[in-house]
Amino acid sequence: MFSQSKINLRFLIMTTALFSSLFIISCEDDDHDHDEEHTDAEGFVLENSAGVEIYKEFKGAQTGSITLSVNDTLELAVHFLGDDGKELEHEEDGDHEEEGKIVVSGNNASIALVEVEEEHGDDHDHDHAENALEIIGVSAGSTSFKLELMHDGHADYTSTNNVPIVVK
């Protein structure tokens, strides 16, 4: 009986050591490979084509609203905010495929269509990509949508509140 207990103890120690090693290795790989690529956003701003803030969410607090008429189209630039409330800058490495993609969900398409589009603008010396939304009023009513910044199959940022839309 003593031999069996000794064997069980060795098995338990070896199994624990193996799983601990795998856990430590996987955590090291995650920290090493992904820290630089994640966006640490604390909110976002939606601005119209004139650069006027229409809606803002920062650390859970929201201001502004989206209102449009039936058959109107509203184009809004999306700017993500860092912990200090300032806009996060895009890295200009030329590889836009590595940047996060915006996803919207949850809106009632019979009231408003919310589509993600990518605008390309000329920033003096080089082209840059800017995330944008196009909202089309379909029928009178109200709806809302969730906004996410996706990267490598998961959300780096998810809006705390659904963004409200009123179509008149």
Side-chain angles (χ1 to χ4, degrees), residues 27 29-124 126-168:
C27 288
D29 287 346
D30 285 345
D31 290 342
H32 178 71
D33 292 341
H34 300 292
D35 275 349
E36 298 172 27
E37 299 171 7
H38 289 268
T39 302
D40 291 327
E42 293 293 331
F44 64 96
V45 173
L46 301 178
E47 293 179 347
N48 66 14
S49 58
V52 175
E53 181 180 298
I54 302 298
Y55 179 86
K56 178 179 181 180
E57 178 179 294
F58 182 63
K59 294 187 176 183
Q62 63 188 89
T63 57
S65 62
I66 298 172
T67 303
L68 69 160
S69 298
V70 174
N71 296 323
D72 278 355
T73 299
L74 182 61
E75 293 187 18
L76 301 172
V78 181
H79 303 283
F80 288 94
L81 306 174
D83 191 47
D84 58 1
K86 295 181 181 175
E87 181 180 348
L88 295 172
E89 298 295 323
H90 292 288
E91 292 194 22
E92 297 297 340
D93 59 5
D95 188 6
H96 297 295
E97 294 300 316
E98 292 300 316
E99 292 180 7
K101 300 292 180 194
I102 292 178
V103 173
V104 294
S105 61
N107 68 295
N108 183 342
S110 67
I111 294 176
L113 296 175
V114 182
E115 298 175 346
V116 177
E117 58 182 32
E118 188 174 291
E119 296 178 346
H120 294 281
D122 186 15
D123 189 21
H124 302 290
H126 55 275
D127 286 337
H128 70 284
E130 181 178 321
N131 290 312
L133 299 177
E134 182 177 77
I135 302 173
I136 302 168
V138 176
S139 65
S142 62
T143 186
S144 63
F145 65 91
K146 178 172 64 172
L147 186 132
E148 294 179 302
L149 178 62
M150 302 297 289
H151 182 263
D152 283 341
H154 68 277
D156 274 0
Y157 176 79
T158 301
S159 59
T160 306
N161 305 289
N162 283 352
V163 179
I165 302 172
V166 175
V167 179
K168 296 180 177 183

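Just so you know, residue 1 is the first one in the sequence shown, and it goes up from there.
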key: Atom NZ of K86 with >12 non-hydrogen neighbours under 6.0 angstrom   = no
key: Pair L133-L147, side chain to side chain contact (heavy atoms under 4.5 Å, CB included): steps then yes or no   = CA-CA 10 Å; L133 299 177; L147 186 132; 4.0 Å; yes
Quick check against the 3.5 Å criterion: does [X] have a side-chain atom that pairs as donor or acceptor with the backbone of [Y]?
{"X": "N161", "Y": "G60", "result": "yes"}
{"X": "E57", "Y": "S159", "result": "no"}
{"X": "N48", "Y": "I54", "result": "no"}

note = In E89, E87, E53, the residue satisfying side-chain hydrogen bond (donor to acceptor under 3.5 Å, both in side chains) with H79 is E87
inquiry  = Looking at every heavy atom in both S144 and P164, which two are closest together, and how far apart are they?
reply    = CB-CA, 4.0 Å
request  = Identify the heavy atoms of A140 and K168 that sit nearest to each other, and give their distance.
outcome  = CB-C, 4.4 Å
Less than 4.5 Å apart, any side-chain heavy atom of [X] and any of [Y]?
{"X": "I66", "Y": "V163", "result": "yes"}
{"X": "L81", "Y": "Y157", "result": "no"}
{"X": "F44", "Y": "L149", "result": "no"}
{"X": "L46", "Y": "V78", "result": "yes"}
{"X": "V116", "Y": "N131", "result": "no"}
{"X": "I165", "Y": "I111", "result": "no"}

inquiry  = Checking K146 against N162 for the side chain to side chain contact (heavy atoms under 4.5 Å, CB included) test, could you report, in this order, the C-alpha distance in whole Å, the side-chain angles of both residues, the deciding distance, and whether it holds?
reply    = CA-CA 5 Å; K146 178 172 64 172; N162 283 352; 3.6 Å; yes
message = Once rounded to the nearest 0.5 Å, what's the spacing between atom NE2 of H154 and atom CD of E148?
response = 11.0 Å
message = Pair V167, V138 - check side chain to side chain contact (heavy atoms under 4.5 Å, CB included), show working.
response = CA-CA 8 Å; V167 179; V138 176; over 6 Å; no
task = Taking atom types as modelled, find out whether S110 and N108 have a side-chain donor-acceptor pair closer than 3.5 angstrom.
result = yes
